[in-house]
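Below you'll find the structure, written out as structure tokens, and then a few comments.
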Number of protein chains: 2
Amino acid sequence: MTPYLIDDTDYRILQLLIEDSTLSHKDIGAEVHLTGQAVGARIRRMRELEIIEGYTIRWNPLRIGQNMHAFITVFLSTNAAHLPFQNFAKNHKSVAELYRISGEGCYWMRVRTVNQEALTAFLDELLGYGNYRVNLDMGKIK
Amino acid sequence: MTPYLIDDTDYRILQLLIEDSTLSHKDIGAEVHLTGQAVGARIRRMRELEIIEGYTIRWNPLRIGQNMHAFITVFLSTNAAHLPFQNFAKNHKSVAELYRISGEGCYWMRVRTVNQEALTAFLDELLGYGNYRVNLDMGKIK
DNA sequence: GTAATTTCCTTTCCGGGTGAAAGTAGAACA
DNA sequence: TGTTCTACTTTCACCCGGAAAGGAAATTAC
């Protein structure tokens, strides 16, 4: 499969970077049969096209005591509730991700807190905007 | 809040790296009042503690035609279905994330496909293991 | 009270990665 | 055949990152 806007080589470079973004351009080049500089140029192009949005790290919240990880579906009954809710979620540091969704519910979000009390406190706040359904992470499989 | 195992300086370094892992140790040091080498040592320590698991990129699947993004809750009725399902999900490239969950449902997963047909095909396969509830991403807010 | 140890930092130094610039090969097209 | 464009390689200079050595402060033992 050759994706939109990029060729197979770009796609392989992208996959390598997703796995390990510290790979040197030279090492990537050895994989895809290019010089490091050519790889650099392709990466720069993908950044300009905003295919690559930035560089970040994979990290483990559990290791620093962020022990609760919840998937929450939010149900809002009135139109007026949307903006206040969005502001609440955007500004709350426990909300790691937030999406508008189709299907059951209005929003889906990923929430992380240090412990159960903090999650309960979060849910109490959330009740001010609408109803919710919570699923707790009981183990990452993939 | 000072998290488990690491001090405030480590935490600030971690946050900076999450935002942009290409920041030089020197620049991070300027933020947290350390030399680049001291920052490097702290980062190395966090890697050894597996707080930092690796370096990766933030990228936009939409830009290369990965147009469908779905949050799927899976319901399995029999014990025997779990292992086959896990193998299916682990090996399927459309499954971006997979968690065991508490609450309604047995598993939660994030699925990305190029288009609606591919998602439908995926769901047809999924039916071989159990039932599901699908929510489509209609817009990322955070 | 003082010496030894540990921890964490800074300074110094070297290998190697990255980006810019210049040059080259091949495809598209009139 | 000549022109242009694109994508690559080569070369070069700069800066980053890790290793090693040295120093300051806190902790522990006697």
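Lettering follows sequence order; numbering is per chain, from 1. This structure is a prediction, so every number in the text was calculated from the model and none was measured.
Nucleotide dG17(D) holds its C1' atom 15 Å from the CD1 atom of Ile13(B), rounded to whole Å. The distance from atom CD1 of Ile43(A) to atom C1' of dG17(C) is 12 Å, rounded to the nearest whole Å. Atom CG in Leu17(A) sits about 14 Å away from atom C1' in dT18(C), given to the nearest Å. Nucleotide dC16(D) holds its C1' atom 13 Å from the OH atom of Tyr55(B), rounded to whole Å. Rounded to a whole Å, the CZ atom of Arg44(A) is 11 Å from the P atom of dA21(C). As a whole-Å value, the separation of His25(B) NE2 from dT10(C) P is 14 Å.
The heavy-atom pair separating Leu76(B) from Tyr129(B) by the smallest distance is CD2-O, 3.1 Å. Scanning both residues, Leu16(A) and Leu23(A), for their nearest heavy atoms gives O-CD1, 3.8 Å.
Atom CD of Glu19(B) sits about 11.5 Å away from atom CG of Leu14(B), to the nearest 0.5 Å.
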For residues 134-142 of chain B, please give each side-chain donor-acceptor pair under 3.5 Å, one per line with the distance, not counting sequence neighbours.
from, atom 1, to, atom 2, distance (Å)
Asn135(B), ND2, Ser102(A), O, 2.9
Asn135(B), ND2, Glu104(A), O, 2.8
Asp137(B), OD1, Gly139(B), N, 2.6
Asp137(B), OD2, His69(B), ND1, 2.9
Lys142(B), NZ, Ala89(A), O, 3.1
Lys142(B), NZ, Lys90(A), O, 3.0
Lys142(B), NZ, His92(A), O, 3.0
Lys142(B), NZ, Val95(A), O, 3.1

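A cation-pi arrangement is found for Arg100(B) relative to Tyr107(B), the charged atom lying closer than 6.0 Å to the ring centre and inside a 45° cone about the ring normal.
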Between protein and nucleotides 6-9 of chain D, what N or O pairs are separated by less than 3.5 Å?
from, atom 1, to, atom 2, distance (Å)
dC8(D), OP1, Arg42(A), NE, 3.1
dC8(D), OP1, Arg42(A), NH2, 2.6
dT9(D), OP2, Thr35(A), N, 2.9
dT9(D), OP2, Thr35(A), OG1, 2.6

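Overall, the helix from dG1(C)-dC30(D) to dA30(C)-dT1(D) carries an axis bend of 30° between its ends, with five pairs at each end and the value rounded to 10°.
No side-chain donor-acceptor contact under 3.5 Å links Arg133(A) to the backbone of Phe75(A).
A centroid separation of less than 6.0 Å is found between the aromatic rings of Phe122(B) and Phe88(B). Phe71(A) has its ring centre no less than 6.0 Å from the ring centre of Phe71(B).
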